[in-house]
**Q** 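Take a look at this one; I'll ask things after.
Every chain is numbered from 1, with letters handed out A, B, ... down the list of sequences.
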2 protein chains.
Amino acid sequence: MKILEAAKRAGLTVKTLRYYANIGMVTPHQDPATSYRDYSEEDVAKLQFVGKARRFDFSVEECRELLGLYEDRNRPSREVKALTLKKVAEIDSRLAELQSLKDELSGLASACDGDHRPDCPILNALSGQT
Amino acid sequence: MKILEAAKRAGLTVKTLRYYANIGMVTPHQDPATSYRDYSEEDVAKLQFVGKARRFDFSVEECRELLGLYEDRNRPSREVKALTLKKVAEIDSRLAELQSLKDELSGLASACDGDHRPDCPILNALSGQT
DNA sequence: ATAGACTTTCCCCTAAGGGGAAGGTAAAGG
DNA sequence: CCTTTACCTTCCCCTTAGGGGAAAGTCTAT
């Protein structure tokens, strides 16, 4: 099938499919005469796989790793689990970071009157004057 | 003072200071003869301000806005508070998104044996075969 | 005078594509 | 058969917030 249909089936954009082809992640057959790409059902399955992994916050390089494991029918599940737990840990530390930012900012916001007057604890905090 | 000292005092890198000068955020006087930048105390204060705001996850453009409000001694605190609350809301939605990702990934990871065998619920989930 | 530390501008690089131009191709309608 | 329209291709620039490094100019101390 042609690129637009493959993109629709995978829930991705045509640009994304071309990008994945360029970086060698999902490489459909390409007609040398017209240079049209021709996606197989298996290509679409891989695209769907990558699309889901991306939505799980895996980077494109991590998706490439996962795809490699996915295609290796004999890989130990250990490796996949390790990658997943690493990603969970990353998400966890980002969560903690964002939570602490939110707490600080909320604290500042609630200390600020938010009226027409110029006095503002938020700016005071940012400028270091307590 | 010269750029390295200003950078040290602000807790930023020299590259960052040049970048901020280029985009017109903090523009020190520049000797036309040598083209050396010359940072004043006020410049350093602004750099510190921007540095803190950046650590609070404000984008460079948002920092520019905050800096404008900071320099306007008559601005209503309302505007600063609005910007801050908007940022808090952004952080909140990112938190929710990450939390849901983490829950799903953790669920998959705990369903995976993580041993030498190839069967892997994580890959099964990603490939859509339930 | 010269070595070493510092400065400048300039250019390329990052992640993951998006936007759009210029030009080739395919399917449908007249 | 011809044309319109939809789709395809490559190519190039754009995004964030700077980092890395080259080449060349400047300052300071010896």
**Q** Select base, sugar-phosphate, or nothing to describe what Arg37(B) touches, counting heavy atoms under 4.0 Å on all strands.
**A**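 The answer is sugar-phosphate, as Arg37(B) gets under 4.0 Å only of primed atoms, P, OP1 or OP2.
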**Q** Please walk me through it: do Arg9(B) and Glu41(B) pass salt bridge (Lys or Arg N to Asp or Glu O under 4.0 Å)?
**A** CA-CA 10 Å; Arg9(B) 287 217 213 170; Glu41(B) 293 295 337; 3.1 Å; yes
**Q** Are Arg54(B) and Val50(B) side-chain neighbours, meaning at least one heavy-atom pair lies under 4.5 Å?
**A**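 Yes, at least one pair of side-chain atoms sits under 4.5 Å.
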**Q** Is the phosphate of dG18(C) approached by Thr13(A) (side-chain N or O, under 4.0 Å from OP1 or OP2)?
**A**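 It does, given that an N or O in the side chain of Thr13(A) lies less than 4.0 Å from OP1 or OP2 of dG18(C).
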**Q** Under 4.0 Å, heavy atoms only, any strand: does Gln30(A) hit a base, just the sugar-phosphate, or nothing?
**A**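 Since only primed, P, OP1 and OP2 atoms lie under 4.0 Å of Gln30(A), the category is sugar-phosphate.
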**Q** Given that Ser59(B) and Ala33(B) both sit by DNA chain D, which one's nearest nucleotide is further toward the 5' end?
**A**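 Result: Ser59(B).
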**Q** Is any side-chain heavy atom of Tyr36(B) closer than 4.5 Å to one of Ile3(B)?
**A**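 Ile3(B) does not reach Tyr36(B) side chain to side chain.
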**Q** Got a donor-acceptor pair under 3.5 Å from the side chain of Tyr36(A) to the base of dG24(C)?
**A**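 Looking at the base of dG24(C), it does pair with a donor or acceptor on the side chain of Tyr36(A) (distance under 3.5 Å).
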**Q** Starting at atom OH of Tyr39(A), determine the distance to atom C1' of dC8(D), rounded to an integer number of angstrom.
**A**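 It works out to 12 Å between those atoms.
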**Q** Both Tyr19(A) and Thr34(A) contact DNA chain C. Taking the nearest nucleotide for each, which residue is further toward the 5' end?
**A**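 This one resolves to Tyr19(A).
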**Q** Is there a path of hydrophobic side-chain contacts, each under 4.5 Å between heavy atoms of I, L, V, M, F, W or Y residues, that connects Leu85(A) with Leu83(A)?
**A**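 Different hydrophobic clusters.
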**Q** Using whole Å, what does the distance between atom C1' of nucleotide dT10(D) and atom CZ of Arg18(A) come to?
**A**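 The distance from CZ of Arg18(A) to C1' of dT10(D) comes to 9 Å, rounded to the nearest Å.
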**Q** Need one value for Ile3(A): base, sugar-phosphate or nothing, where a base atom within 4.0 Å counts as base even if backbone is also close, heavy atoms only.
**A**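 Result for Ile3(A) = sugar-phosphate.
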**Q** By nearest nucleotide on DNA chain D, pick out whichever of Arg54(B) and Lys15(B) is the more 5' one.
**A**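 It is Arg54(B), whose closest nucleotide lies nearer the 5' terminus.
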**Q** Of Thr16(A) and Asp31(A), whose nearest nucleotide on DNA chain C comes first from the 5' end?
**A**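 The 5'-side residue here is Thr16(A).
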